[in-house]
K.L.:
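There's a structure below that I have some questions on.
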Amino acid sequence: MKCMYCGCIDSKVVDSRTSEDGTSIRRRRECINCGRRFTTYETVENTPIFVIKSGGARQAFDPNKIKAGIIKACEKRPVAASEIDKLVADIQKKIYNSLVQEISSKEIGEMVCEGLKDIDEVAYVRFASVYRSFTDTSSFMKELEKMVKKDKKV
């Protein structure tokens, strides 16, 4: 690993630890040339996945966009950050485990909706109203009626 201070390519690993979530390894290194220490992270390289937007455009999959949408839907709701992180991680895992190289934004939106239903119904309705493009109160009411019917069945 190249030293960020002097550019030397020789370094030794002083300490190595697994991250809390187990997805990366943190290595503390010491440069053989200048003796300064720096930190590197080792992660598994994922096959790039592309999201096909509703207009047909393709862009790289970014879990941070999913998280931003969920955070906006959960704004001013009693939803813990850990629940949001878990939902994002679950969706990310589902997408990578599907072994597809392309996924539609519609499929991702459905995954988010399903997850939000279990976490917070108000956040679910907020997300669904934007995601499903509710145009008027009747489409909004139809979604609410579906939720009420499901609750009565359970």
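Position 1 is the first residue of the sequence; numbering continues from there.
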K.L.:
How long is the gap from CE on Met1 to CG on Asp10, to the nearest 0.5 Å?
P.N.:
12.5 Å
K.L.:
I'd like to know if Phe38 and Ile32 are part of one continuous hydrophobic network [Ile/Leu/Val/Met/Phe/Trp/Tyr, side-chain heavy atoms within less than 4.5 Å].
P.N.:
no
K.L.:
Are Asp90 and Lys94 within salt-bridge range, i.e. N to O under 4.0 Å?
P.N.:
no
K.L.:
Go through it in stages, so that I can follow the logic: the residues are Met111 and Ile103, the test is side-chain contact (heavy atoms from CB on, under 4.5 Å), and I'd like the CA-CA distance, side-chain angles, deciding distance and then a yes or no.
P.N.:
CA-CA 12 Å; Met111 289 181 203; Ile103 186 167; 3.8 Å; yes
K.L.:
Using the rule that two of Ile, Leu, Val, Met, Phe, Trp, Tyr join whenever any of their side-chain heavy atoms come within less than 4.5 Å, decide whether Ile52 and Phe61 are in one cluster.
P.N.:
no
K.L.:
Would you check if the side chain of Ser19 reaches a backbone N or O of Ser24 as a donor-acceptor pair within less than 3.5 Å?
P.N.:
yes
K.L.:
Under 4.0 Å between a side-chain nitrogen and a carboxylate oxygen: does that hold for Glu114 and Lys117?
P.N.:
yes
K.L.:
Quick check: closest heavy atoms across Lys67 and Ile84, and the distance to 0.1 Å?
P.N.:
CG-CG2, 4.1 Å
K.L.:
Quick one: CZ on Arg36 to SG on Cys8, what's the gap to the nearest 0.5 Å?
P.N.:
13.5 Å
K.L.:
If you round to the nearest 0.5 Å, how far is OG of Ser105 from CD of Glu110?
P.N.:
10.5 Å
K.L.:
Is the CD atom of Gln101 crowded by more than 12 outside heavy atoms at less than 6.0 Å?
P.N.:
no
K.L.:
Tell me the closest heavy-atom pair linking Cys113 and Tyr124, and the distance in Å.
P.N.:
O-CD1, 3.4 Å
K.L.:
Give a yes or no on whether Leu87 and Ile71 share a hydrophobic cluster (residues Ile, Leu, Val, Met, Phe, Trp, Tyr; joining criterion: side-chain heavy atoms under 4.5 Å apart).
P.N.:
yes
K.L.:
Rounded to the nearest 0.5 Å, how far apart are NZ of Lys86 and CD1 of Ile91?
P.N.:
10.5 Å
K.L.:
Identify the two heavy atoms, one from Ser11 and one from Arg29, that lie closest to each other, and give their separation to 0.1 Å.
P.N.:
OG-NH1, 3.6 Å
K.L.:
Among Arg126, Lys76, Arg77, which residue satisfies the salt bridge (Lys or Arg N to Asp or Glu O under 4.0 Å) criterion with Asp120?
P.N.:
Arg77
K.L.:
Identify the two heavy atoms, one from Phe127 and one from Gly109, that lie closest to each other, and give their separation to 0.1 Å.
P.N.:
CE2-O, 3.7 Å
K.L.:
Rounded to the nearest 0.5 Å, what's the gap from CD1 on Ile25 to CD on Glu42? Could you check?
P.N.:
4.5 Å
K.L.:
Side chains of Ile108 and Lys65, heavy atoms from C-beta outward: is any pair under 4.5 Å?
P.N.:
no
K.L.:
Hey, what do you get for NZ (Lys12) to CZ (Arg27), rounding to the nearest 0.5 Å?
P.N.:
15.5 Å
K.L.:
Which atom names give the shortest non-hydrogen contact between Pro63 and Val88, and what distance separates them?
P.N.:
O-CG1, 3.8 Å
K.L.:
Should Val122 and Ile70 be counted in the same cluster of Ile, Leu, Val, Met, Phe, Trp and Tyr side chains packed under 4.5 Å apart?
P.N.:
no
K.L.:
Validate the cation-pi geometry between Arg58 and Phe50: distance from NZ or CZ to the six-membered ring centre under 6.0 Å, angle to the ring axis within 45°.
P.N.:
no
K.L.:
Should Val130 and Leu116 be regarded as members of a common hydrophobic cluster, given that ILVMFWY residues are connected when their side-chain heavy atoms come within less than 4.5 Å of each other, either directly or indirectly?
P.N.:
no
